[in-house]
Amino acid sequence: MLSLLGHRPPDGAVLLGSGFAEVLLAVVGVTVVTMTVGLVISAFIDNADRGMPLLVLVLMLQLVVSGGLFPVHGRPVLEQVAWLVPARWAYAMGASTVDLNPALRTGPDPLWEHTAGRWLLGAGVLVALAAVLVGLTAWLLRRLDQVRG
């Protein structure tokens, strides 16, 4: 991971014994799930020119509700929207590994607790989101085949 180049990797692993591996899995997880979001968008639209604005919107939404820019815990509606966003769960996995809660001035985020359970919760939600999005992509592609066929 380029972000750790020249820096010590996190030493507070909660599950795998390697903070680097835990953060790497969080990055890989958000990458794969966000890719499946792109597949859903691609299968949903009928014109490639419409895809780029939707992808930009999805990426901006992920940045806003990941919890990294500002706290989303305890903010009605914003917190519930964040539950559906892969970046929120992957960021929670990384935050759990490096134990970001003590550094917060706004109060702890329960998803960032330095425990294996919180890390596994983030990973589990990412897997569930990927499964739902792959299923949705398959359904949209079948629907598209029926329309064209």
Checking Thr31 side chain against Val27 main chain: does a donor-acceptor pair fall under 3.5 Å?
yes
Is the closest side-chain heavy-atom distance between Leu111 and His73 below 4.5 Å?
no
Nearest heavy-atom neighbours spanning Pro108 and Asn101:
CA-OD1, 3.3 Å
Between CE on residue Met60 and CG on residue Leu55, distance to nearest 0.5 Å:
13.5 Å
Common cluster, Leu121/Trp112, ILVMFWY with side-chain heavy-atom separation under 4.5 Å:
yes
Would Leu126 end up clustered with Leu25 when hydrophobic side chains under 4.5 Å apart are linked, directly or stepwise?
yes
Do side-chain atoms of Thr97 reach the backbone of Ala13 as a donor and acceptor pair under 3.5 angstrom?
no
Please round to the nearest 0.5 Å and tell me the distance separating atom CG of Leu120 and atom OG1 of Thr115.
8.5 Å
Euclidean distance, Arg88 CZ relative to Leu61 CG, rounded to 0.5 Å:
12.5 Å
So how far is it from Leu133 CG to Leu39 CG, rounded to the nearest 0.5 Å?
9.0 Å
Gap separating the CG atom of Leu136 from the CZ atom of Phe44, nearest 0.5 angstrom
9.5 Å
For the student: nearest non-hydrogen atoms of Gln62 and Val30, plus distance:
OE1-CG2, 4.1 Å
Strictly distance-based, threshold 3.5 Å: is any side-chain N or O of Trp89 a donor or acceptor partner for the main-chain N or O of Trp83?
yes
Nearest heavy-atom neighbours spanning Ala116 and Leu15
CB-CD1, 3.8 Å
Check: Glu79 side chain, Gly74 main-chain N or O, donor-acceptor pair, under 3.5 Å:
yes
Decide whether Val65 and Leu63 are clustered together by the hydrophobic rule: side chain heavy atoms of Ile, Leu, Val, Met, Phe, Trp, Tyr closer than 4.5 Å, transitively.
yes
Are Val72 and Tyr91 co-members of a hydrophobic cluster defined by side-chain heavy atoms under 4.5 Å apart?
no
Rounded distance [0.5 Å steps], CG in Asp46 versus CG in Leu144:
8.5 Å
Applying side-chain contact (heavy atoms from CB on, under 4.5 Å) to His114 and not counting sequence neighbours gives Val14, Asp99
Hey, are Asp109 and Arg118 close enough for a salt bridge, meaning a charged N less than 4.0 Å from a carboxylate O?
no
Side chain proximity check, Thr36 to Val40, heavy atoms < 4.5 angstrom
no
In the single-linkage hydrophobic clustering (I, L, V, M, F, W, Y; side-chain heavy atoms under 4.5 Å), do Val58 and Val85 co-cluster?
no
